[in-house]
Protein chains: 2
Amino acid sequence: MKYTEKLRNSGLRPTKQRLQICEVLFDTERTFHFTINDLVNKIKKQLNNKISLATVYNTVHAFEKKGYLKQIPINSNQTYFDTNIADHHHFYDLKEEKLIDLENSDVGPINILKKIDGKKIKSVEVLVKLED
Amino acid sequence: MKYTEKLRNSGLRPTKQRLQICEVLFDTERTFHFTINDLVNKIKKQLNNKISLATVYNTVHAFEKKGYLKQIPINSNQTYFDTNIADHHHFYDLKEEKLIDLENSDVGPINILKKIDGKKIKSVEVLVKLED
DNA sequence: TTTATAGTTTATAATGATTCTAAAAAACTG
DNA sequence: CAGTTTTTTAGAATCATTATAAACTATAAA
Ligand SMILES: [Mn+2]
Ligand SMILES: [Mn+2]
Ligand SMILES: [Zn+2]
Ligand SMILES: [Zn+2]
(Lines give C-alpha, C1' and ligand atoms only; values in the text may rest on other atoms or scores of the structure.)
(Ligands and ions follow the chains in the order given, each with its own letter.)
Protein backbone atom coordinates (compact mmCIF):
# COMPACT_ATOMS: atom_id res chain seq x y z
CA MET A 1 0.00 0.00 0.00
CA LYS A 2 1.09 3.47 -0.98
CA TYR A 3 0.40 5.22 2.32
CA THR A 4 1.24 2.48 4.79
CA GLU A 5 4.77 3.68 5.32
CA LYS A 6 3.79 7.29 5.63
CA LEU A 7 1.33 6.43 8.37
CA ARG A 8 3.71 4.09 10.18
CA ASN A 9 6.43 6.70 10.12
CA SER A 10 4.09 9.12 11.86
CA GLY A 11 3.17 6.61 14.52
CA LEU A 12 -0.29 6.09 13.10
CA ARG A 13 -1.42 2.52 12.49
CA PRO A 14 -2.28 2.06 8.84
CA THR A 15 -5.89 1.03 9.28
CA LYS A 16 -8.25 0.42 6.40
CA GLN A 17 -10.09 3.63 7.18
CA ARG A 18 -6.97 5.78 7.31
CA LEU A 19 -5.62 4.32 4.09
CA GLN A 20 -8.91 4.98 2.34
CA ILE A 21 -9.04 8.53 3.60
CA CYS A 22 -5.46 8.96 2.35
CA GLU A 23 -6.57 7.85 -1.09
CA VAL A 24 -9.42 10.34 -1.17
CA LEU A 25 -7.26 13.17 0.14
CA PHE A 26 -3.91 12.58 -1.50
CA ASP A 27 -4.43 10.45 -4.64
CA THR A 28 -5.34 13.49 -6.69
CA GLU A 29 -3.81 15.51 -9.44
CA ARG A 30 -4.56 18.72 -7.59
CA THR A 31 -4.80 19.76 -3.98
CA PHE A 32 -8.16 20.94 -2.70
CA HIS A 33 -10.05 22.62 0.12
CA PHE A 34 -12.72 20.77 2.03
CA THR A 35 -14.96 20.66 5.07
CA ILE A 36 -15.60 17.47 7.02
CA ASN A 37 -18.97 17.26 5.30
CA ASP A 38 -17.33 17.57 1.87
CA LEU A 39 -14.96 14.78 2.79
CA VAL A 40 -17.71 12.48 4.01
CA ASN A 41 -19.48 12.98 0.69
CA LYS A 42 -16.30 12.36 -1.31
CA ILE A 43 -15.74 9.15 0.67
CA LYS A 44 -19.29 7.99 -0.01
CA LYS A 45 -18.91 8.61 -3.72
CA GLN A 46 -15.39 7.25 -4.24
CA LEU A 47 -15.37 4.23 -1.96
CA ASN A 48 -17.99 1.54 -1.52
CA ASN A 49 -17.50 1.68 2.16
CA LYS A 50 -18.87 3.63 5.07
CA ILE A 51 -16.49 5.31 7.47
CA SER A 52 -18.06 6.63 10.63
CA LEU A 53 -18.22 10.36 11.11
CA ALA A 54 -16.21 10.14 14.33
CA THR A 55 -13.42 8.40 12.44
CA VAL A 56 -13.41 11.04 9.74
CA TYR A 57 -13.03 13.72 12.40
CA ASN A 58 -10.39 11.72 14.25
CA THR A 59 -8.41 11.07 11.11
CA VAL A 60 -8.52 14.61 9.81
CA HIS A 61 -7.33 15.90 13.17
CA ALA A 62 -4.59 13.27 13.33
CA PHE A 63 -3.43 14.18 9.82
CA GLU A 64 -3.53 17.86 10.67
CA LYS A 65 -1.42 17.29 13.75
CA LYS A 66 1.12 15.39 11.66
CA GLY A 67 1.19 18.19 9.11
CA TYR A 68 -0.49 16.34 6.24
CA LEU A 69 -3.37 18.79 6.26
CA LYS A 70 -3.76 22.42 7.19
CA GLN A 71 -6.71 24.26 8.65
CA ILE A 72 -7.61 27.44 6.83
CA PRO A 73 -8.50 30.39 9.06
CA ILE A 74 -11.79 31.70 7.79
CA ASN A 75 -15.15 32.69 9.23
CA SER A 76 -17.55 29.91 8.49
CA ASN A 77 -19.71 27.66 10.60
CA GLN A 78 -17.65 24.76 9.28
CA THR A 79 -13.91 24.26 9.52
CA TYR A 80 -12.06 24.28 6.21
CA PHE A 81 -9.04 22.12 5.55
CA ASP A 82 -6.47 22.17 2.80
CA THR A 83 -4.53 19.29 1.25
CA ASN A 84 -2.06 21.87 0.01
CA ILE A 85 0.40 22.03 2.88
CA ALA A 86 2.83 24.28 1.04
CA ASP A 87 3.13 27.79 2.39
CA HIS A 88 0.47 29.72 0.48
CA HIS A 89 -2.49 32.07 0.78
CA HIS A 90 -6.16 32.28 -0.18
CA PHE A 91 -8.80 34.23 -1.94
CA TYR A 92 -12.22 33.82 -0.43
CA ASP A 93 -15.09 34.44 -2.80
CA LEU A 94 -17.78 35.77 -0.48
CA LYS A 95 -20.62 35.20 -2.96
CA GLU A 96 -19.70 31.64 -3.93
CA GLU A 97 -18.27 30.82 -0.48
CA LYS A 98 -15.29 29.22 -2.19
CA LEU A 99 -11.60 29.31 -1.49
CA ILE A 100 -9.02 29.80 -4.24
CA ASP A 101 -5.31 29.25 -3.78
CA LEU A 102 -3.03 32.22 -3.97
CA GLU A 103 0.56 31.14 -4.37
CA ASN A 104 3.30 32.86 -2.46
CA SER A 105 4.59 34.13 -5.77
CA ASP A 106 1.24 35.84 -6.39
CA VAL A 107 1.75 37.91 -3.25
CA GLY A 108 4.66 40.22 -2.74
CA PRO A 109 7.04 39.17 0.04
CA ILE A 110 5.55 39.82 3.45
CA ASN A 111 7.75 41.29 6.08
CA ILE A 112 6.41 41.41 9.62
CA LEU A 113 8.21 44.28 11.31
CA LYS A 114 6.65 44.03 14.75
CA LYS A 115 8.14 41.48 17.13
CA ILE A 116 6.44 39.94 20.14
CA ASP A 117 8.74 39.15 23.03
CA GLY A 118 9.32 35.45 23.62
CA LYS A 119 7.24 34.42 20.62
CA LYS A 120 8.25 33.07 17.22
CA ILE A 121 6.30 33.36 14.02
CA LYS A 122 4.85 29.99 13.09
CA SER A 123 2.97 31.03 9.96
CA VAL A 124 1.89 34.05 7.96
CA GLU A 125 -1.38 33.63 6.14
CA VAL A 126 -3.12 36.12 3.91
CA LEU A 127 -6.85 36.00 3.26
CA VAL A 128 -8.11 38.12 0.39
CA LYS A 129 -11.88 38.52 0.38
CA LEU A 130 -13.49 38.91 -3.03
CA GLU A 131 -16.77 40.57 -3.96
CA ASP A 132 -18.42 41.20 -7.31
CA MET B 1 -27.18 60.61 23.78
CA LYS B 2 -23.83 60.14 22.14
CA TYR B 3 -24.73 57.29 19.81
CA THR B 4 -28.33 58.13 18.99
CA GLU B 5 -27.45 59.94 15.80
CA LYS B 6 -25.02 57.31 14.64
CA LEU B 7 -27.68 54.65 15.00
CA ARG B 8 -30.42 56.72 13.38
CA ASN B 9 -28.16 57.53 10.45
CA SER B 10 -27.68 53.81 9.86
CA GLY B 11 -31.38 53.11 9.96
CA LEU B 12 -31.15 51.45 13.36
CA ARG B 13 -33.54 52.65 16.05
CA PRO B 14 -31.60 53.90 19.05
CA THR B 15 -33.00 51.50 21.62
CA LYS B 16 -31.80 51.34 25.19
CA GLN B 17 -30.06 48.03 24.49
CA ARG B 18 -28.24 49.25 21.41
CA LEU B 19 -27.11 52.43 23.13
CA GLN B 20 -25.78 50.45 26.05
CA ILE B 21 -23.94 48.05 23.79
CA CYS B 22 -22.46 51.07 21.99
CA GLU B 23 -21.16 52.34 25.31
CA VAL B 24 -19.50 49.05 26.11
CA LEU B 25 -18.03 48.69 22.64
CA PHE B 26 -17.08 52.21 21.69
CA ASP B 27 -16.68 54.29 24.87
CA THR B 28 -13.15 53.04 25.36
CA GLU B 29 -9.68 54.44 25.11
CA ARG B 30 -8.55 51.45 23.07
CA THR B 31 -10.15 49.15 20.57
CA PHE B 32 -10.42 45.48 21.47
CA HIS B 33 -11.18 41.98 20.26
CA PHE B 34 -14.07 40.01 21.69
CA THR B 35 -16.34 37.03 21.40
CA ILE B 36 -20.07 37.21 22.06
CA ASN B 37 -19.42 35.59 25.40
CA ASP B 38 -16.79 38.21 26.28
CA LEU B 39 -19.25 40.93 25.38
CA VAL B 40 -22.03 39.44 27.49
CA ASN B 41 -19.65 39.39 30.45
CA LYS B 42 -18.52 42.97 29.82
CA ILE B 43 -22.17 44.05 29.71
CA LYS B 44 -22.93 42.28 32.97
CA LYS B 45 -20.01 43.95 34.68
CA GLN B 46 -20.37 47.47 33.29
CA LEU B 47 -24.13 47.93 33.24
CA ASN B 48 -26.69 47.11 35.92
CA ASN B 49 -28.95 45.74 33.30
CA LYS B 50 -29.51 42.45 31.58
CA ILE B 51 -29.57 42.31 27.81
CA SER B 52 -30.78 39.07 26.35
CA LEU B 53 -28.32 36.89 24.51
CA ALA B 54 -30.40 37.04 21.33
CA THR B 55 -30.21 40.83 21.39
CA VAL B 56 -26.46 40.77 21.84
CA TYR B 57 -26.16 38.54 18.78
CA ASN B 58 -28.62 40.64 16.80
CA THR B 59 -26.89 43.87 17.71
CA VAL B 60 -23.39 42.64 16.98
CA HIS B 61 -24.51 41.38 13.59
CA ALA B 62 -26.33 44.62 12.86
CA PHE B 63 -23.24 46.64 13.81
CA GLU B 64 -21.05 44.40 11.72
CA LYS B 65 -23.30 44.85 8.71
CA LYS B 66 -23.12 48.63 9.15
CA GLY B 67 -19.35 48.46 9.39
CA TYR B 68 -19.03 49.41 13.07
CA LEU B 69 -17.47 46.06 13.86
CA LYS B 70 -15.39 43.56 11.93
CA GLN B 71 -15.22 39.81 12.17
CA ILE B 72 -11.74 38.40 12.43
CA PRO B 73 -11.06 35.30 10.34
CA ILE B 74 -9.56 32.76 12.69
CA ASN B 75 -10.09 29.13 13.57
CA SER B 76 -11.89 29.02 16.85
CA ASN B 77 -15.14 27.55 18.02
CA GLN B 78 -16.27 31.09 18.75
CA THR B 79 -16.46 34.02 16.39
CA TYR B 80 -14.11 36.90 17.16
CA PHE B 81 -15.03 40.52 16.54
CA ASP B 82 -12.94 43.65 16.49
CA THR B 83 -13.91 47.20 17.43
CA ASN B 84 -10.93 48.37 15.40
CA ILE B 85 -12.46 48.81 11.98
CA ALA B 86 -9.35 50.35 10.47
CA ASP B 87 -7.57 48.25 7.90
CA HIS B 88 -5.12 46.18 9.93
CA HIS B 89 -3.82 42.69 10.66
CA HIS B 90 -3.39 40.28 13.55
CA PHE B 91 -1.02 38.15 15.47
CA TYR B 92 -2.63 35.12 16.99
CA ASP B 93 -0.87 33.73 20.03
CA LEU B 94 -1.65 30.02 19.81
CA LYS B 95 -0.73 29.27 23.43
CA GLU B 96 -2.66 32.15 25.00
CA GLU B 97 -5.39 32.07 22.35
CA LYS B 98 -5.19 35.84 22.15
CA LEU B 99 -5.26 38.26 19.26
CA ILE B 100 -2.85 41.18 19.00
CA ASP B 101 -3.22 44.02 16.53
CA LEU B 102 -0.66 44.37 13.82
CA GLU B 103 -0.86 47.76 12.17
CA ASN B 104 -0.58 48.10 8.44
CA SER B 105 2.68 49.93 9.02
CA ASP B 106 4.04 46.86 10.84
CA VAL B 107 3.58 44.81 7.69
CA GLY B 108 5.26 45.62 4.42
CA PRO B 109 2.88 46.67 1.64
CA ILE B 110 0.98 43.70 0.27
CA ASN B 111 0.55 43.46 -3.44
CA ILE B 112 -1.82 40.81 -4.75
CA LEU B 113 -0.62 40.01 -8.23
CA LYS B 114 -3.21 37.42 -9.19
CA LYS B 115 -6.55 38.71 -10.47
CA ILE B 116 -9.84 36.83 -10.47
CA ASP B 117 -12.11 37.65 -13.38
CA GLY B 118 -15.22 39.62 -12.45
CA LYS B 119 -14.21 39.92 -8.80
CA LYS B 120 -12.87 42.84 -6.79
CA ILE B 121 -10.73 42.69 -3.71
CA LYS B 122 -12.77 43.67 -0.68
CA SER B 123 -10.12 43.17 1.97
CA VAL B 124 -6.65 41.78 2.54
CA GLU B 125 -6.06 40.36 5.99
CA VAL B 126 -2.90 38.84 7.37
CA LEU B 127 -2.93 36.40 10.26
CA VAL B 128 0.43 35.71 11.87
CA LYS B 129 0.40 32.69 14.17
CA LEU B 130 2.76 32.84 17.12
CA GLU B 131 4.30 30.00 19.08
CA ASP B 132 6.82 29.98 21.92
C1' DT C 1 -52.09 62.70 22.36
C1' DT C 2 -53.85 58.77 20.45
C1' DT C 3 -53.28 55.13 17.08
C1' DA C 4 -51.20 52.43 13.76
C1' DT C 5 -47.21 50.24 12.04
C1' DA C 6 -42.89 48.55 11.57
C1' DG C 7 -38.96 47.41 14.17
C1' DT C 8 -36.95 45.35 18.39
C1' DT C 9 -36.38 42.53 22.41
C1' DT C 10 -36.87 38.42 24.77
C1' DA C 11 -37.28 33.65 26.53
C1' DT C 12 -37.06 29.61 24.72
C1' DA C 13 -36.57 26.08 21.30
C1' DA C 14 -34.17 24.33 17.39
C1' DT C 15 -30.08 23.57 14.68
C1' DG C 16 -25.90 21.68 13.55
C1' DA C 17 -20.90 21.22 13.78
C1' DT C 18 -17.96 19.14 16.76
C1' DT C 19 -16.49 16.38 20.69
C1' DC C 20 -17.17 12.77 24.04
C1' DT C 21 -18.04 8.01 25.64
C1' DA C 22 -17.42 3.44 26.22
C1' DA C 23 -17.76 -0.92 24.11
C1' DA C 24 -16.35 -3.74 20.09
C1' DA C 25 -12.92 -4.47 16.60
C1' DA C 26 -8.43 -4.32 14.68
C1' DA C 27 -3.43 -3.80 14.74
C1' DC C 28 0.72 -4.87 16.80
C1' DT C 29 4.33 -7.27 19.75
C1' DG C 30 6.53 -11.11 21.50
C1' DC D 1 -1.56 -17.46 19.39
C1' DA D 2 -2.09 -14.33 23.69
C1' DG D 3 -1.76 -10.05 25.56
C1' DT D 4 -1.76 -5.22 24.96
C1' DT D 5 -2.59 -0.96 22.85
C1' DT D 6 -4.78 1.64 19.43
C1' DT D 7 -8.63 2.54 16.62
C1' DT D 8 -13.31 2.49 15.14
C1' DT D 9 -17.97 3.14 15.93
C1' DA D 10 -22.85 4.44 17.14
C1' DG D 11 -24.85 7.21 19.71
C1' DA D 12 -25.06 10.82 23.23
C1' DA D 13 -23.52 15.25 24.82
C1' DT D 14 -21.92 19.88 24.15
C1' DC D 15 -22.32 24.42 22.93
C1' DA D 16 -22.18 28.41 19.75
C1' DT D 17 -25.38 30.22 16.95
C1' DT D 18 -29.88 30.94 14.76
C1' DA D 19 -34.92 30.67 14.57
C1' DT D 20 -39.51 31.50 16.55
C1' DA D 21 -43.18 33.98 17.94
C1' DA D 22 -45.17 36.72 21.44
C1' DA D 23 -44.61 41.06 24.11
C1' DC D 24 -42.76 45.52 23.89
C1' DT D 25 -41.17 50.05 21.89
C1' DA D 26 -39.85 53.73 18.76
C1' DT D 27 -41.73 56.46 15.34
C1' DA D 28 -44.80 58.85 12.56
C1' DA D 29 -49.46 59.71 11.02
C1' DA D 30 -54.00 61.09 12.37
MN1 LIG E 1 -14.85 26.12 13.34
MN1 LIG F 1 -17.89 30.67 13.90
ZN1 LIG G 1 -5.14 26.33 -0.26
ZN1 LIG H 1 -7.68 43.98 15.59
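Throughout, a chain's letter reflects where its sequence line sits, starting with A, and its residues are numbered from 1.
The shortest distance between the side-chain N/O atoms of Tyr57(B) and the OP1/OP2 oxygens of dT17(D) is below 4.0 Å. Here His61(A) does not reach the OP1 or OP2 of dT18(C): none of its side-chain N or O atoms lies under 4.0 Å away. The shortest distance between the side-chain N/O atoms of Arg8(B) and the OP1/OP2 oxygens of dA26(D) is not below 4.0 Å.
Summary of helix geometry: the two end axes of the helix from dT1(C)-dA30(D) to dG30(C)-dC1(D), each defined by five base pairs via their C1' atoms, are inclined to each other by 30° (rounded to 10°).
dT10(C) atom C1' lies 15 Å from atom CD of Gln20(B), rounded to whole Å. Atoms CZ (Phe34(B)) and C1' (dA16(D)) sit 15 Å apart, rounded to a whole Å. Atom NZ in Lys66(B) sits roughly 12 Å away from atom P in dG7(C) (whole-Å rounding). Atom CG of Leu39(A) is separated from atom C1' of dA17(C) by 15 Å (rounded to the nearest Å). Atom CG in Leu19(A) sits about 9 Å away from atom P in dA27(C), given to the nearest Å. Rounding to whole angstrom units, NZ of residue Lys65(A) and C1' of dT19(C) are separated by 14 Å. Atom-to-atom, CG of Asp38(B) to C1' of dT17(D) comes out at 16 Å; the value is rounded to the nearest Å. Distance Asn77(B) CG to dT17(D) P: 8 Å, rounded to the nearest Å.
Listed nucleotides: dT18(D), dA26(D), dA27(C). Nearest to the side chain of Pro14(B): dA26(D).
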What string of B, S and - do you get for nucleotides 1-11 of chain D, 5' to 3', when a contact is any protein heavy atom under 4.0 Å?
----BBSBBB-
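Residue pairs that meet the ring pair (Phe, Tyr, Trp, His ring centres under 6.0 Å) test with at least one member in residues 82-130 of chain B, sequence neighbours left out, are His33(B)-His90(B), His88(B)-His90(B).
Nearest approach of Leu99(A) to Ile72(A), heavy atoms of both residues: CD1-CD1, 3.6 Å. The heavy-atom pair separating Lys70(A) from Ala86(A) by the smallest distance is NZ-O, 3.2 Å.
Checked against Phe81(A) for a ring-ring contact (aromatic ring centres under 6.0 Å, His included), the options Phe34(A), Phe32(A), Phe63(A) give a single hit: Phe34(A).
With values rounded to the nearest 0.5 angstrom, Lys6(B) atom NZ is found 12.0 Å from Thr4(B) atom OG1.
Heavy atoms of other residues, nucleotides or ligands lying less than 6.0 angstrom from NZ of Lys115(B) number more than 12.
Of the N and O atoms on the side chains of Glu125(A) and Ser123(A), at least one donor lies less than 3.5 Å from an acceptor on the other residue. A side-chain donor from one of Asn49(A) and Gln20(A) sits under 3.5 Å from a side-chain acceptor of the other.
Panel note: side chain Lys119(B), backbone Leu130(A); no donor-acceptor pair is recorded below 3.5 Å.
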